[in-house]
Student: 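Sharing a structure here in structure tokens format.
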Amino acid sequence: MALPYDPQQIESRWQEFWARERFAAVDTAGAKDLYMLMMFPYPSGDLHVGHGRNYILGDCLFRMFLMQGRQVLNPMGWDAFGLPAENAAIKRNIHPREWTLANIARMKDQFRRWGILYDWDKEIASCEPEYYRWNQWLFNRMLEKGLAYRGKSPVNWCPSCKTVLANEQVVAGACERCGSIVEQRDLEQWFLRITEYADRLLEGLDRLTDWPEKVKVMQRNWIGRSEGAEFEMRVAGRDDLAFQVYTTRPDTSFGMTFAVLAPEHPLVGAITTPDHSAEVGTFVERVRRTTEIERLSTEGVVEKRGVFTGSYAVNPFTGTPVPIYLADYVLMSYGTGAIMAVPGQDQRDWEFAKAYGLRIVRTVQPPDGWVGEAYVDDGPAINSQWLDGLYKTEAIERATRWLEENGIGRRRVHYRLRDWLISRQRYWGTPIPVVYCERDGIVPVPEDQLPVVLPTDIQFGGSEGNPLERSASFTAATCPKCGKAARRETDTMDTFMDSSWYYARFINPHVRDAMIDRGRVARWMPVDLYIGGVEHAILHLMYARFLYKVLHDFGMVPGEEPFTVLFNQGMITAKSSVSGKLEKMSKSKGNVVAPDALIARYGADTERVYTLFMGPPEKEVEWTDEGVMGAHRFLQRVWGLQDIVAESAGRVGEPAATEQVLVAMHHTVKRVRDDLARYHPNTATAAMMELINTMAQHQSSASGSALREAYETLLRLLHPIAPHITEEIWRILGHDGSLLRAGWPSFDAELLAKQQVTLAVQVNGKLRATVDVEPGLDARAAESVARAAVAKWLDGKTVVKVIHVPDRMISFVVRG
RNA sequence: GCGAAAGUGGCGGAACUGGUAGACGCGCGAGACUUAGGAUCUCGUGGGCGCUGCCCAUGGGGGUUCGAAUCCCCCCUUUCGCACCA
């Protein structure tokens, strides 16, 4: 009898062995084979079984690739800058770096205990100067090319933390950290000109055939390209005043009955007549005080709010003056901040017109029986002079051409995408490498003075705002141009900058004199398989695609896209003890399953098997304790097969049973190969469970050699999923070394092709019998066997048609 | 509101291209071994009926087809994304 299965005894031993043998080490000086990558994590310290999902999936694929003899680059690192470290510093008076490094150590240990292998020689932590200096270097290159700029823009500002916040740091209009209501402020900030790449980011999506459609749709919507026309509206009686409006429906211009400016529009002051200025002033002030979030929120029916300016603008198509309003539904940040309002064809304009008693003129004929309000679909133009009778596409084209020919307007493409605001008034990030000189203005820090390193003489807590501003040693700088005293920029970069190019650094993490080693990167990029959560569908993946295109334009990387295949794993949910519903694991929901206790009781292999078995990895699945037990039972049965193999050693066995075991074995090899190739370890595991069921069924009748062969094959197939137990049994069976070097099993296709097949026999589409036949049986022979099997259904009927699908089914269509 | 994805036993899920629906696991039932077992092993397990057999079943309703979980149309539900984008 084998000893009982005791994961505690075996797992750490194999973890040490794998690390010692450096199975994951790859020399990128050599030729590329495969580059796979999991999105590098923020080192928060605490990992739960939900986090484990994508790392375990990645490790499963990695081990399979290794066994198949491939050279796979599979690195891991840390997205190590960010707010939580700084908050921890304030709360617990520990330096962010110390806190971060401690978390990294914990997480690394967690990976080890999960049995996950990475090429740790290539580890990167983005908070280290040797990494972030290249953020700075790249920033300066982009500054040179005009791709980075300092500009004024309304931004989210937390009055209590005294910093700009990213949109994702604003939760329901409030600061995620302190809960203060976030304000909109016009501030000078650093931006990257991602809008210049909008069309390339959009077109590139079409070529990403191995990305989830969902992610591509989200990115397309985010970029929000729209084609239209922009034209000038003159203010009636004021020859000096005119503004531009943007529309996607120039064909409806004859139906314009008013115009609307955003309340922040620069012309508001000039346009407002004295008798309306009090009202306008009140309105503008009111809008200014509401945050963008409130303004755009649409709980229930939206009330369109606005005010008349007292002025009129001339519709260039008709020469008619129309009243100019201000309204909060027109945003300064989109298009020109001014629109022509055509209530007949636009629902928002319709509602506004109704609310303020403005005229409505239809310029597109709705179909008979139309009962809605604004009609936005296609139809012949009406009330539109020389456009009358034309349909939408043609009418848009004519109207646009008319604007161009008369010098009033032009074709224009607009995007919803805004430039990327990268400034953060925070300590724990990459310092933006510029200084402000009284004489020379904004001066980038020259390359030989990089990196601009974060100072360590920092007091966290106590006072508010960016601690960098209070560091005299940091802010005091000399101007690289004139050598006089200058002030150093204290903004740091958005951490998405770090994660936008780290995948290229992994190929050559220690190159000192360059951001990347171009030769190696040219060979190893792009990443062949990128695994991560769908929560990064837009931000990270859009920024990374943008910066990769920039690097491409700098001649530094091959191709235009960094990630060939994107795989989004689904969440693991569990019943929340707070809400009682299934929710994503989190401490606040009280539904976190910590791996430590689980591993202590059942072992890491059990967690891995269960994680991979519970459902297809791209789907959301529920964690249950019963399911864990099932996975553990499976491993115990695998362990117990040692006895069956030992007892049957030397037995000749019955040929039929032996054959069944061997056929099942080959069939399993094929299924596991196919299932893992399409990232379905759940069905691969099921196939292996079937194999052990078959082995158990024939444990006392099959030959000893067949049982042993099947067992050893099973161990190899199972290794990527349950690496520790399989290595241990492999060793017990008398093999040296590691399963990772034992090769991946192949199957005997001919043997499988020779097996009897079961034909389904249908009569009028209903299953009436099944017959076992030789494979490849021709139609006539199959028909005669099938006829016999369903004779009672054919009796007295006329067979009008026979459909034969070789080796699958035969169907009789009968009448009478 | 718009867009996308998904709805299969008591539960998680199989069924890859229209061809035997429910693999595998959980749970449940019966039995075995046990002083005992929430351990282990074996067998059974969609529903119904006149039970060697047949009928009904993949959210609901229609359709195409010899044949539909799979394709088409309408509706319902859930989840996710976007949400005044001119």
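Convention: sequence-line order gives letters A, B, ...; per-chain numbering from 1.
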Student: Let me know, please, whether A/P616 or A/Q699 comes out on the 5' side of the other along RNA chain B by nearest nucleotide.
Tutor: A/P616
Student: Using Watson-Crick or G-U wobble geometry with both distances under 3.5 Å, which nucleotide pairs with B/rG12?
Tutor: B/rC24
Student: Could you identify the nucleotide paired to B/rC66, looking across every strand shown and requiring Watson-Crick or G-U wobble geometry with both distances under 3.5 Å?
Tutor: B/rG19
Student: Does any nucleotide pair with B/rU35 by Watson-Crick or G-U wobble geometry, both distances under 3.5 Å, and what is it?
Tutor: none
Student: Would you say a side-chain N or O of A/Q636 is under 4.0 Å from OP1 or OP2 of B/rU40?
Tutor: yes
Student: As a test of reading the structure: which of B/rC56, B/rU20, B/rC84 is closest to the side chain of A/L767, going by heavy atoms?
Tutor: B/rU20
Student: What is the nucleic acid contact for A/S811, judged by heavy atoms within less than 4.0 Å: base, sugar-phosphate only, or nothing?
Tutor: base
Student: Determine: side-chain N/O of A/N682 to OP1/OP2 of B/rA14, distance under 4.0 Å, yes or no.
Tutor: yes
Student: Using the P atom as the point on both nucleotides, what is the distance between B/rG63 and B/rG12, in whole Å?
Tutor: 31 Å
Student: Touch check for A/S226, heavy atoms < 4.0 angstrom, all strands: base, sugar-phosphate only, or nothing?
Tutor: sugar-phosphate
Student: Hey, would you say the A/Y5 and A/H632 ring centroids sit under 6.0 Å apart?
Tutor: yes
Student: Could you walk me through whether A/F352 and A/Y325 satisfy the ring-ring contact (aromatic ring centres under 6.0 Å, His included) test, starting with their C-alpha distance in whole Å, then the side-chain angles of each, then the deciding distance to 0.1 Å, before giving a yes or no?
Tutor: CA-CA 10 Å; A/F352 193 84; A/Y325 276 73; 5.4 Å; yes
Student: Can a side chain N or O of A/Y334 be found less than 4.0 Å away from OP1 or OP2 on B/rA86?
Tutor: yes
Student: Less than 4.0 angstrom between a side-chain N/O of A/K766 and OP1 or OP2 of B/rC56, yes or no?
Tutor: yes
Student: Could you go through the salt bridge (charged side-chain N to carboxylate O under 4.0 Å, His left out) check for A/D251 and A/K392 one step at a time?
Tutor: CA-CA 7 Å; A/D251 59 312; A/K392 195 166 157 182; over 6 Å; no
Student: Tell me, for nucleotides 24-31 of chain B in 5' to 3' order, what letter each nucleotide earns: B for a base near a protein heavy atom under 4.0 Å, S for only sugar-phosphate near one, - for neither?
Tutor: BSSS----
Student: Assign each of A/Q762 and A/K801 to its nearest nucleotide of RNA chain B by heavy atoms, then name whichever residue's nucleotide is nearer the 5' end.
Tutor: A/Q762
Student: B/rC82 pairs with which nucleotide, Watson-Crick or G-U wobble, both distances below 3.5 Å?
Tutor: B/rG1
Student: According to the Watson-Crick and G-U wobble definitions, with both distances under 3.5 Å, which nucleotide is paired to B/rC49?
Tutor: B/rG53
Student: Regarding A/N221, tell me which of base, sugar-phosphate or nothing describes its non-hydrogen contacts under 4.0 Å with the strands shown.
Tutor: nothing
Student: Between A/R411 and A/E227, is there a side-chain N and carboxylate O pair less than 4.0 Å apart?
Tutor: no
Student: Classify the nucleic acid contact of A/R768 as base, sugar-phosphate or nothing, counting any heavy atom under 4.0 Å across all strands shown.
Tutor: sugar-phosphate
Student: With the side chain of A/I803 defined as its heavy atoms from C-beta on, choose the nearest nucleotide among B/rC66, B/rU20, B/rC16.
Tutor: B/rC66
Student: Give a yes or no on whether a salt bridge exists between A/D206 and A/R220, defined as a side-chain N under 4.0 angstrom from a carboxylate O.
Tutor: yes
Student: Assess whether a salt bridge exists between A/K670 and A/D674, defined as any Lys/Arg side-chain N lying under 4.0 Å from an Asp/Glu carboxylate O.
Tutor: yes
Student: Ion pair present between A/K216 and A/E213, side-chain N to carboxylate O less than 4.0 angstrom?
Tutor: yes
Student: Please give the distance between the P atoms of B/rA15 and B/rA23 as a whole number of Å.
Tutor: 12 Å
Student: Taking pairing as Watson-Crick or G-U wobble with both contacts under 3.5 Å, can you name the mate of B/rC43, or confirm there isn't one?
Tutor: B/rG29
Student: Classify A/W793 by what it touches in the nucleic acid, base, sugar-phosphate, or nothing, heavy-atom distance under 4.0 Å.
Tutor: sugar-phosphate
Student: Contact class for A/R416 vs. all strands (heavy atom < 4.0 Å): base, sugar-phosphate, or nothing?
Tutor: base
Student: With a non-hydrogen cut-off below 4.0 angstrom, is A/M809 in contact with a base, only sugar-phosphate, or nothing?
Tutor: base
Student: Applying a 4.0 Å non-hydrogen cut-off, can you work out what A/E213 is touching in the nucleic acid: base, sugar-phosphate, or nothing?
Tutor: nothing
